[in-house]
Amino acid sequence: MEKFIMADGCAVRVSDTRHGDRTIVLLHGYLESIEVWEDFTALLKPHLRVIAIDLPGHGVSEVKGEVHTMEFLADTVHAALRELGVEQAVICGHSMGGYAALEFLRRHPQATDGLIMFHSVPFADTPEKKEQRDREIAAVLAGKKDLLIGGVAKSFASANRARFADAIEELGDQVVLTDDAGVVALLRGMEQRRDNSEMLRESRVPQLFIFGRDDEYIPVSVAEEIASSHPQARVVWLERSGHMGFIEELRAAADTVLAFCNEMK
């Protein structure tokens, strides 16, 4: 079921399967929306209550100001869960959604049943990454948002791009539909985010990192560094995936998430 709710004064769109003893919250990545989780949700919902949220500034959720910090996203997600009557959930974030999930854990640990980082990192932006985001902001402000579509195909492993041509086209359409102000607000928020590595190491909440062997955005060397520096977390590799493992290896990704959730019982 999809609906709009008010979360601390921000109108957000959510989908909610409404049934299940344990709840998982799916937070999409940059230039995505809840639609990206449809097939994944179908595999999870026989076992879990699945809630997906259009993060403010993306999908059809509201844009609130010129900067959407990860703290703001986390608090909005928490408010949405309160509105839905959910006290505790596994928070699963893809890429940018992982940054919001980290802040959710930091700010609302009592509401965090577990944390899943899907093709995401706990680090702050490097100077080089901030420069890239500034270029994207400039492109959007200049009315050239369509330039961002070129990065969509790169999210998939090169060997998978022909097979997932329809998904790539749909994600490209989502770039066009995303509010320009929302794109800029979230780019600025990602630039400002903190390093959450130490917070993760100190947390007692169960943690899972899922990486793709062919991810061009998170190279294997970076993922291996994260794995070695976070021994408290479980790490799973999707061997034939890029940055979109929940699409590229749908069944394996879903089985990984379900196994993680079952282990916490």
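Each residue takes its place number in the sequence, starting with 1.
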Original post:
Which residues pass the side chain to side chain contact (heavy atoms under 4.5 Å, CB included) test with Gln232, sequence neighbours left out?
Top reply: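 For Gln232, the residues satisfying side chain to side chain contact (heavy atoms under 4.5 Å, CB included) (neighbours in sequence not counted) are Leu200, Arg201, Gln207, His230.
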
Heavy-atom side-chain proximity of [X] to [Y] below 4.5 angstrom:
X	Y	result
Trp237	Val220	yes
Tyr30	Ser95	no
Leu73	Pro56	yes
Val14	Ile5	yes
Ser15	Ile51	no
Arg22	His47	no
Leu84	Arg49	yes
Val205	Leu105	yes

**OP:** Check step by step if side chain to side chain contact (heavy atoms under 4.5 Å, CB included) holds for Val25 and Val90.
**Re:** CA-CA 6 Å; Val25 178; Val90 176; over 6 Å; no

Between [X] and [Y], which heavy-atom pair has the shortest distance, and what is it?
X	Y	result
Ile53	Ile34	C-CG2, 3.3 Å
Ala100	Met70	N-SD, 4.1 Å
Thr17	Lys45	CG2-CB, 3.8 Å
Ala252	Leu238	CB-CD2, 4.2 Å
Phe209	Ala233	CD1-CB, 3.7 Å
Pro46	Leu43	CD-O, 3.4 Å

Please round to the nearest 0.5 Å and tell me the distance separating atom [atom1] of [X] and atom [atom2] of [Y].
X	Y	atom1	atom2	value
Leu44	Leu258	CG	CG	5.0 Å
Leu250	Phe246	CG	CZ	10.0 Å
Leu26	Glu38	CG	CD	12.0 Å
Phe123	Asp195	CZ	CG	7.0 Å
Ser241	Phe118	OG	CZ	8.0 Å
Asp39	Ile247	CG	CD1	8.0 Å

Subject >> Over 12 non-hydrogen atoms of neighbours within 6.0 angstrom of CD in Gln110 >> reply: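 Correct, the count exceeds 12.
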
Original post:
Counting only heavy atoms not in Glu198, do more than 12 fall under 6.0 Å of its CD?
Top reply: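 Correct, the count exceeds 12.
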
Check [Y] with [X], please: is the shortest side-chain N to carboxylate O separation under 4.0 Å?
X	Y	value
Glu103	Arg194	yes
Asp8	Arg82	yes
Glu216	Arg161	yes
Lys130	Glu191	no

Can [Y] be reached from [X] by stepping across I, L, V, M, F, W or Y side chains whose heavy atoms are under 4.5 Å apart?
X	Y	result
Val183	Ile149	yes
Leu81	Met264	yes
Val222	Met190	yes
Val235	Val121	yes
Leu177	Val63	no

Between [X] (side chain) and [Y] (backbone), is there a donor-acceptor pair under 3.5 Å?
X	Y	value
Thr69	Phe72	yes
His94	Met244	no
Glu225	Ser221	no
Lys145	Val176	yes
Lys144	Glu136	no
Asp215	Ile218	yes
His119	Gly245	yes
Glu62	Gly57	no
Arg18	Val50	no

**OP:** Could you check Val77 against Leu27 for side chain to side chain contact (heavy atoms under 4.5 Å, CB included), going step by step and ending with a plain yes or no?
**Re:** CA-CA 9 Å; Val77 170; Leu27 304 180; 3.9 Å; yes

Original post:
Yes or no on side chain to side chain contact (heavy atoms under 4.5 Å, CB included) for Leu115 and Leu102, after CA distance, side-chain angles and deciding distance?
Top reply: CA-CA 8 Å; Leu115 175 75; Leu102 287 168; 4.0 Å; yes

Subject >> Aromatic ring proximity Phe156/His243, centre distance under 6.0 Å >> reply: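 When the ring centroids of Phe156 and His243 are compared, they turn out to be at least 6.0 Å apart.
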
**OP:** Taking the six-membered ring of Phe4 (Phe, Tyr or Trp), confirm whether the NZ or CZ of Arg13 is under 6.0 Å from its centre and within 45° of its axis.
**Re:**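 Pair Arg13/Phe4 does not count as cation-pi.
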
Subject >> Pi-cation contact, Tyr217 with Lys154 (under 6.0 Å, within 45°) >> reply: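 Cation-pi check for Lys154 and Tyr217: passes.
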
Original post:
Between Gln174 and Ser33, is any side-chain donor less than 3.5 angstrom from a side-chain acceptor?
Top reply: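 Yes.
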
Subject >> Side-chain donor-acceptor contact under 3.5 Å, Glu32 with His58 >> reply: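 Their side chains do not contain a donor-acceptor pair, so the 3.5 Å distance test is not met.
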
**OP:** Kindly determine whether Arg240 and Glu249 satisfy salt bridge (charged side-chain N to carboxylate O under 4.0 Å, His left out), including the steps that lead there.
**Re:** CA-CA 7 Å; Arg240 297 180 300 280; Glu249 292 184 75; 3.4 Å; yes

**OP:** Please assess Phe260 against Thr256 for the test side chain to side chain contact (heavy atoms under 4.5 Å, CB included), listing each intermediate value before the final yes or no.
**Re:** CA-CA 6 Å; Phe260 174 74; Thr256 296; 5.7 Å; no

